[in-house]
> 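Before I ask anything, here is the structure I am working with.
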Amino acid sequence: MSASLSPLTTRLQRPDYVDLVFGIVFVWGTGDLFSTFAALYVTGIGAEANPLIRTLLAHDPLLVVALKGAVMLVVGLTLVRYRAAVERLPRWRLWLGGLIGVGTVVVALNLYVAVAAATV
């Protein structure tokens with residue numbers, strides 16, 4: 001094995017801006033949407049903690065899909081439009097990565113609720 005391919009000398013590349021924006025949109029859009037519906041399937045509408053989402057679910061679950069899609073579209077387009085401004089912020093990768101981390105925790109909690117309720 002050559003020295004350039006050694007696992008000890010290989011460094012991870014920092015994610016670029018587009019990767020982080022995609023991660024935010026994917027986790028908060030797709031991940032949160034599907035995990036919310038997984039929890040909803042097992043627990044019912046009454047277990048939804050967000051009153052706006054609970055109201056939309058009561059009227060029509062497709063309203064939740066539309067809302068989350070619209071919000072992620074606005075967030076994604078805004079982050080792309082203001083990329084130069086965001087990249088001038090100190091530790092911008094940490095902030096965007098933090099949003100992905102928080103979204104991942106939300107998805108994990110939704111899935112925990114679904115699994116816990118399904119086993120009862």
Side-chain angles (χ1 to χ4, degrees):
M1 179 184 289
S2 70
S4 64
L5 296 177
S6 170
L8 297 176
T9 59
T10 303
R11 292 185 48 135
L12 293 175
Q13 290 183 342
R14 290 186 284 181
D16 70 358
Y17 190 82
V18 174
D19 295 335
L20 291 169
V21 170
F22 177 78
I24 291 168
V25 170
F26 183 77
V27 168
W28 281 100
T30 307
D32 185 39
L33 179 68
F34 286 121
S35 64
T36 296
F37 278 117
L40 172 69
Y41 178 77
V42 178
T43 62
I45 293 173
E48 173 59 48
N50 183 330
L52 173 62
I53 299 299
R54 189 173 49 242
T55 301
L56 293 176
L57 287 169
H59 289 292
D60 187 349
L62 287 178
L63 292 173
V64 175
V65 174
L67 175 68
K68 287 186 182 284
V71 169
M72 286 302 99
L73 179 65
V74 169
V75 167
L77 291 176
T78 301
L79 286 171
V80 168
R81 168 67 177 91
Y82 293 102
R83 177 180 183 165
V86 172
E87 287 181 331
R88 285 193 301 265
L89 296 172
R91 294 182 172 63
W92 63 269
R93 279 187 179 88
L94 182 63
W95 283 102
L96 296 182
L99 288 173
I100 294 170
V102 170
T104 301
V105 169
V106 169
V107 170
L109 288 173
N110 285 344
L111 292 175
Y112 172 76
V113 167
V115 170
T119 58
V120 173

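Numbers here are sequence positions counted from 1. No hydrogens, no waters, no symmetry mates; every other heavy atom, side chains included, goes into these values.
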> What's the shortest heavy-atom distance between S35 and N110, and which atoms?
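The pair with the smallest heavy-atom distance is OG-ND2, 3.0 Å.
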
> Hey, could you give me the OG1/CG distance between T36 and N50, rounded to the nearest 0.5 Å?
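Going from OG1 on T36 over to CG on N50, the span is 9.0 Å.
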
> Do V64 and L67 share a hydrophobic cluster (ILVMFWY, side-chain heavy atoms under 4.5 Å, transitive)?
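Result: yes, single cluster for both.
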
> CZ of F26 to OG1 of T104: how many Å apart, nearest 0.5 Å?
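Output value for this atom pair is 10.0 Å.
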
> Are I53 and V113 in one and the same hydrophobic cluster, where Ile, Leu, Val, Met, Phe, Trp and Tyr link if side-chain heavy atoms are under 4.5 Å apart?
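I53 does not cluster with V113.
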
> Would V105 and L33 show up in the same hydrophobic cluster when neighbours are defined by side-chain heavy atoms closer than 4.5 Å?
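Per the 4.5 Å side-chain linkage, V105 and L33 are not co-clustered.
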
> Would you say K68 and D32 make side-chain contact, with heavy atoms under 4.5 Å?
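When only atoms from C-beta onward are counted, D32 and K68 do touch, with a gap below 4.5 Å.
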
> Atom CG in D19, atom CD in Q13: separation rounded to 0.5 Å?
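Between D19 CG and Q13 CD, I get 9.5 Å after rounding to 0.5 Å.
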
> When you measure from the side chain of R93 to the backbone N and O of P15, does any donor-acceptor pair fall under 3.5 Å?
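Yes, R93 side chain to P15 backbone: donor-acceptor pair under 3.5 Å.
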
> For residues 39-96, pull every pair meeting ring-ring contact (aromatic ring centres under 6.0 Å, His included), keeping only residues two or more places apart or in separate chains.
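ring-ring contact (aromatic ring centres under 6.0 Å, His included) check on residues 39-96 returns Y17-W92.
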
> Measuring from atom CD1 of I24 to atom CG of L96, what distance do you get when rounded to the nearest 0.5 angstrom?
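Interatomic distance, I24 CD1 to L96 CG, rounded to 0.5 Å: 4.5 Å.
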
> When you measure from the side chain of D60 to the backbone N and O of L63, does any donor-acceptor pair fall under 3.5 Å?
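Answer holds: no.
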
> Let me check something: do L89 and I100 share a hydrophobic cluster, defined by ILVMFWY side-chain heavy atoms less than 4.5 Å apart, either directly or through other members?
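In one cluster: yes.
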
> Does W28 reach the main-chain N or O of V71 with its side chain, forming a donor-acceptor pair under 3.5 Å?
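No, because the side chain of W28 does not come within donor-acceptor range (under 3.5 Å) of the backbone of V71.
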
> Measure the shortest side-chain to side-chain distance between L62 and L56 over non-hydrogen atoms and say whether it is less than 4.5 angstrom.
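They are not in side-chain contact.
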
> Looking at every non-hydrogen atom in both residues, tell me the closest pair between A38 and L111 and how far apart they are.
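Minimum heavy-atom contact is CB-CD2, 4.4 Å.
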
> Starting from L52, can I reach L57 by hopping between I/L/V/M/F/W/Y residues whose side chains sit under 4.5 Å apart?
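Yes, same cluster.
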
> Using side-chain heavy atoms (C-beta onward) and a distance below 4.5 Å, is F37 in contact with L40?
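Yes, at least one pair of side-chain atoms sits under 4.5 Å.
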
> Which heavy atom of V42 sits nearest a heavy atom of A117, and at what distance?
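In this case the closest contact between V42 and A117 is CG1-CB, 3.2 Å.
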
> Under the rule for side-chain hydrogen bond (donor to acceptor under 3.5 Å, both in side chains), what residues qualify as partners of R83, not counting sequence neighbours?
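side-chain hydrogen bond (donor to acceptor under 3.5 Å, both in side chains) check on R83 returns E87.
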
